[in-house]
Amino acid sequence: MSATPLVSPVNSPIPDTTTLTPLLGASVAELTAWVQQQGQPAYRGKQLHDWIYHKGVRSLADISVFPKQWRATVADVPIGRSQIHYRAVAPDGTVKYLLQLADGQIVETVGIPTDKRLTVCVSTQVGCPMACDFCATGKGGYKRNLGRHEIVDQVLTVQEDFQQRVSHVVFMGMGEPLLNTENVLAAIKCLNQDVGIGQRSLTVSTVGIRDRIRQLAEEHLQVTLAVSLHAPNQALREQIIPSAHPYPIEDLLTECREYVAITGRRISFEYILLAGVNDLPEHALELAKRLRGFQSHVNLIPYNPIQEVDYKRPNRDRIQAFVTVLKQQNIAVSVRYSRGLEADAACGQLRTSQKSQG
């Protein structure tokens, strides 16, 4: 995993603080090298790491264990934290955040609490270029990739707001993670090694980008891969996901099989159920034939409504019929009813609209 270095070569002048990479996302080793470059003892790197990841400091000027004179010198070095621009709470306790980044862009993240865990759904891009027809994020277009610090910040923000340790992270917010592979891999490393979240508690979701699933497999991570399939054949998939045109479903599934062979880990296939579009028993049977013999699990997600399109959620009988067909074909399947629906924080509902605070 690579990331932009924090420091200039040894013995070089201290860099202009206005061009420094934010410190959030850096490892103990990187932070130690950075403090030593500026004439501070190596142990201050561990102190800095603790204040960033465990005390949630937002400015170096606030780190009381550092010498006052040095704090003043580095006060403008960015840690890389965002500001909460808007916060909405759903009746089920799910919290949606609009976070304002350093350049003024807005990104969404979602905190999803249950009795035993706190999951954060993080974004990897401002907007999304994939243009899935059922998804609010895709309707808003694409702005830019998020840096590793902007991804990690989302987890720390939710953790601080809930006053509870985050146990799971899903890369299922705004954006296509595998179009921002370098920063996503760097964020995974940081969340695992610096924040302390086990790799098996991390899930990376993708619509499917040619060769990127193979690239992820070659990292030999223990994360869960979730592939947004949403259709059992290429024609229907292109109708739902126009950007799927250059990557045939047969090629995508071949790459997925390679992922299983390399990592030994099963794949989760995400399937949004759209009433009358992809939810018929014949669709379920065709899907089962494609996935037969696959080390996988199908997550069925009843559609969550957005204003821009008039898709409908299937009724429970239609959903159960789909499940029954898959089970009869020995396909592992479960139904995931998204939380945060009332706060527009459910799967497919995230967007970059800037709402006013309050």
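Sequence positions, counted from 1, serve as the residue numbers for this chain.
Environment of CZ in Arg316: sparse, with no more than 12 heavy atoms of neighbouring residues, nucleotides or ligands closer than 6.0 Å. Within 6.0 Å of CD on Gln69 lie no more than 12 heavy atoms contributed by other residues, nucleotides or ligands.
Ile197 places a side-chain heavy atom less than 4.5 Å from the side chain of Val155.
Ring geometry for Trp70 versus Trp34: interplanar angle of 30 to 60°, hence tilted.
Side-chain contact check for Arg81 and Ser59: no donor-acceptor pair (N or O, by modelled atom type) lies under 3.5 Å. With no hydrogens or angles considered, a side-chain donor-acceptor pair links His49 and Asp194 at under 3.5 Å.
Rounded to the nearest 0.5 Å, atoms CD1 (Ile262) and CZ (Arg214) are 7.5 Å apart. To the nearest 0.5 Å, the span separating CG on Leu101 from NZ on Lys143 amounts to 12.0 Å.
A salt bridge is defined here as a Lys NZ or Arg NE, NH1 or NH2 lying under 4.0 Å from an Asp or Glu carboxylate O, and Glu150 with Arg144 meets this definition. With respect to the salt-bridge test (charged N to carboxylate O, under 4.0 angstrom), the residues Glu30 and Lys189 do not qualify.
Of all heavy-atom pairs between Ser201 and Ser167, the closest is CB-O, 3.2 Å. A pairwise comparison of heavy atoms in Val152 and Cys190 identifies CG2-SG, 3.8 Å as the closest pair. Smallest separation of non-hydrogen atoms from Ser82 and Asp153: OG-OD2, 2.5 Å.
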